[in-house]
Amino acid sequence: MDILKDLNPAQREAVQATEGPVLVLAGPGSGKTRVLTHRVAYLVRGCGVDPYNVMAVTFTNKAAQEMMGRLHHLLGQRLRRLTIGTFHAICSRILRREAKHLDVTSDFAIYDQSDQLGLVRQALQDLNLDEKMYRPQAILATISKAKNELIGSESFEPQTYWQEVAGRVYTRYQELLLANNAQDFDDLLMNAVHLFTRHPDVLAKYQRRYLHILVDEFQDTNTAQYVLVKRLAGENSSLFAVGDEDQSIYAFRGADFRNVHRFRNDYPDARLVLLEQSYRSTQTILDVAKAVISYNIHRTPKDLRTEKGQGLPIVAHEAYNEQEEAQYVVDEIAHLVAEGTCRPGDCAIMYRTNAQSRVLEDAFVRAGLPYKLVGATRFYARREIKDVLAYLRLVHNSHDSVSLARIINVPPRGIGPKTRSALERWADDLKVPIYTALQMLREEIEGSRGGEEVTACLPSYACNVLADFAELLGELIAAREKLSVLELLDLILDKSGYSAYIRDGTEEGEDRWNNILELRTVAREYLDLPPEAALTTFLEEVALVSDVDSFDEAVNAPTLLTLHMAKGLEFPVVFMVGLEEGLFPHSRSFNDPEAMEEERRLCYVGITRAKERLYLVHTFRRTMYGESQVSVPSRFIADVPDHLIAGREEAQAALGEEERRYRWQVQWPVTSGPAVTVQFETGDRVRHRLFGEGIVIESKVTGADEEVTVAFEEEGIKRLLASFAKLEKLNG
């Protein structure tokens, strides 16, 4: 069949293994997306499976869209009957369909992280708890971890007093979500599992439908996702899991690479297929990756290989400090581009922590060169976009008090904090949602509502502006069923005055307006859907967009991103910077073997993003937390065999006794012995027997010796140990 003709033997085996559970462990760049899409096409075209009975689950919208694009070529119109999407998107669809079994209605809102933090803060306030003692971010992380492990607020068992407080906040947080007819991302998964547990008939319905389930990035599943897949698969479904323990890097989000091993234990008869041929990287890069990851214990060994040839040795470069590190990266990219080796957009600079981007950004700005930053303020997290989406969410779900609070005075309409507090107290007294209270107020002012006066409960100056706001919301909600998302968005911009508010004549205002115009472009994509479905689908999909989903590969500029953001991307040229002990691997992993294994997997992922050229960059000295310290090169660099690194064997052979002792003392400083006398000061002119004359730019005690940094006229900056260097002072 033409579906199989371009697959290698291992890929073909995976595609044709259509009976029972199958586990595919796919090395980086080994064509796992190709295997997934061709397996779906093989099931439909080769085995006669109805697309309606196939579910394919991915971890990002970008991956889902790529899969749909490929399947459209293979299946054409039959693609429409397939279920393809992220875990969260698919669970959201199921929960909306089965809302009659839930405590929310089918038009529930999906709260993003900023919404969730706002709700946690409200819960803390309701419980009279101090945010400084109980940080909302930490509380939310505890709640998220519990939900990922399928622990509801009623089952949360605290081990400490802090956790007992977190449990109370969790309970109140869930009450607030319910009052807002909302769910957070973790609820989508947990509630789907609870739905199937509490309603076996509903589970049976979906088990009959989804006879073939395919899961991508299986190593990144958490407990809730694993249980969900296992329930849906049941006893008869064909479960096809693709993953790689070596690329599991999201433990902080609840991902558990051990789910790969659980799969093998739960399905002992599952077929195991290894995809070891890489179509991305050179053999040198693969060998470097294998050398680094081989120290991990909990993994399935894979012999990564390629037909791309050995390729160039990698480069390990030591810069003096983080400023020189950044300048080296900028200069090297400029050099590669100038000689025609690559385009600017072919290059990526990856780092362990977000804070490292600042110095790199400064270097690009100084050089007058453009760059793109993945993980900066996301499009959907920008103020003006969140404002407009809040209007749309409130129109979609009038009980969404978080969205209402965001836009009740945006643009400014005279509804200040005191008026808002009075309105909220009044709504609490009436035991109605804020939107209902607003409508009651409007009806009374218009004279259409009889009975006891309620305007007396609010400041008289505020009643009219609140009534006007209620009238605006009523008009927008009435238009919801008749207008497309694009028309509704335009109506909101006009009637609310937001268009005039944002276009304030400044350059920043025009930039913000351009972002809103881009949102209109997104809304235009939903014109083919009926109004009642379009708004729900639009809000759901924009809520589930991630940073990687919005990565624009077409922009021809170097990419700056954290290693965690690099998953799923690839570049001809990769610079990994900050490879120093304490930074990468991070100091938090030093006393935790599992955390160190994850750091090693993170390094493996970074290395295998490179297709042709790889640079491992570290500094001799780095300023962290306001203090400059001598750095120790990362153990990950030491793990790489000498023959894979350009110039390392020659460099090691050329090291003199002085340099060898220096490096030994930096890594294993002597803490006892006689006090060291400092002989040199900044500004001293000195002479070295080999390097000639220079000026001391820094001197400090390191271990049992004095470390002197000298700028030599001919040889540049050198770092020397005073006891071995035998520097001669020229100025006294």
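One-based numbering along the sequence shown.
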Could you tell me whether the side chains of Gln174 and Ser153 share a donor-acceptor contact shorter than 3.5 Å? no

Verify, without hydrogens or angle tests, whether Arg209 (side chain) and Lys205 (backbone) share a donor-acceptor contact under 3.5 angstrom. no

Heavy-atom closest pair (Glu245 atom, Leu25 atom, distance to 0.1 Å) is OE1-CD1, 3.8 Å

Heavy-atom pair with the smallest gap, counting every atom of Phe108 and Val104: CD2-CG2, 3.8 Å

Can you name the ring-ring contact (aromatic ring centres under 6.0 Å, His included) partners of His101, sequence neighbours left out? His199

Is the closest side-chain donor-acceptor distance between Asp216 and Thr58 under 3.5 Å? no

Under the criterion salt bridge (charged side-chain N to carboxylate O under 4.0 Å, His left out), I'd like the reasoning laid out for Lys611 against Asp346: C-alpha separation, chi angles, the key distance, then a yes or no. CA-CA 10 Å; Lys611 298 166 73 174; Asp346 292 336; over 6 Å; no

Pair Arg480, Asp107 - check salt bridge (charged side-chain N to carboxylate O under 4.0 Å, His left out), show working. CA-CA 13 Å; Arg480 177 182 64 189; Asp107 60 349; 5.1 Å; no

Approximate separation, where rounding is to 0.5 Å, of Asn148 CG and Asp186 CG: 4.5 Å

Any side-chain hydrogen bond (donor to acceptor under 3.5 Å, both in side chains) pairs touching residues 267-276, not counting sequence neighbours? Glu276-Arg305

Under 3.5 Å, side chain of Tyr391 to main-chain N/O of Leu493, donor-acceptor pair present? no

Nearest non-hydrogen partners of Pro28 and Arg280, listed with the distance: CB-NH1, 3.8 Å

Sub-4.5 Å side-chain heavy-atom contact between Arg258 and Glu594: yes

In short, Leu274 meets Pro301 closest at the heavy-atom pair CD1-O, 4.2 Å

Parallel, tilted or perpendicular: rings of Phe263 and Phe218 (30°, 60°): perpendicular

All salt bridge (charged side-chain N to carboxylate O under 4.0 Å, His left out) counterparts of Asp50, not counting sequence neighbours: Arg81

Parallel, tilted or perpendicular: rings of Phe156 and Tyr170 (30°, 60°): perpendicular

Considering all heavy atoms, the nearest Gln16-Leu4 contact: NE2-CD1, 3.4 Å

Given side chains that start at C-beta, do those of Glu307 and Gln277 come closer than 4.5 Å, heavy atoms only? yes

Can you confirm whether Ile285 sits close enough to Val574 that some side-chain heavy atom of one is under 4.5 Å from a side-chain heavy atom of the other? no

Quick one: are Val193 and Arg231 in side-chain contact, heavy atoms under 4.5 Å? yes

Nearest 0.5 Å, what's the NZ-CG distance between Lys372 and Leu561? 10.0 Å

Ion pair present between Arg406 and Asp400, side-chain N to carboxylate O less than 4.0 angstrom? no

Do Ser248 and Asp220 have side chains that approach each other closer than 4.5 Å (heavy atoms only, starting at C-beta)? yes

Output for pair (His396 NE2, Leu488 CG), nearest 0.5 Å, gives 11.0 Å

Of all heavy-atom pairs linking Leu95 and Asp187, the shortest is CD1-O, 4.4 Å

Any side-chain donor near an acceptor of the partner, Arg262 and Asn259, under 3.5 Å: yes

Working note: Asp184 + Lys147, criterion salt bridge (charged side-chain N to carboxylate O under 4.0 Å, His left out); need CA distance, chi angles, decisive distance, verdict. CA-CA 10 Å; Asp184 63 22; Lys147 290 184 178 183; 2.7 Å; yes

Flag side-chain contact, heavy atom, 4.5 Å: Arg39 against Ser238: yes

Are side-chain heavy atoms of Asn8 and Tyr279 found at a separation under 4.5 Å? yes

When rounded to the nearest 0.5 angstrom, what is the spacing between OG in Ser144 and CE in Met190? 10.0 Å

Salt bridge or not between Lys386 and Asp112? Use side-chain N to carboxylate O under 4.0 Å. yes

What's the separation between atom OG1 in Thr221 and atom NZ in Lys230, rounded to the nearest 0.5 Å? 12.5 Å

Separation of Thr37 OG1 from Ile3 CD1 (nearest 0.5 Å): 10.0 Å

Answer yes when Lys145 and Glu149 have at least one side-chain N-carboxylate O distance shorter than 4.0 Å, and no when they do not. yes

Got Thr306 and Thr282 here, is their nearest side-chain heavy-atom distance under 4.5 Å? no

If the plane angle is over 60° it's perpendicular, under 30° parallel, otherwise tilted; pick one for Phe196 and Tyr206. tilted

Are Thr83 and Tyr210 close enough that a side-chain donor and a side-chain acceptor fall under 3.5 Å? yes

With no hydrogens and no angle check, do the side chains of Gln219 and Glu217 hold a donor and an acceptor under 3.5 Å apart? yes

Salt bridge (charged side-chain N to carboxylate O under 4.0 Å, His left out) for Arg601 and Glu598? Distances and angles first, verdict last. CA-CA 5 Å; Arg601 292 194 293 269; Glu598 176 127 341; 2.9 Å; yes

From the list Asn296, Ile249, Asp244, side chain to side chain contact (heavy atoms under 4.5 Å, CB included) with Tyr604 holds only for Asp244

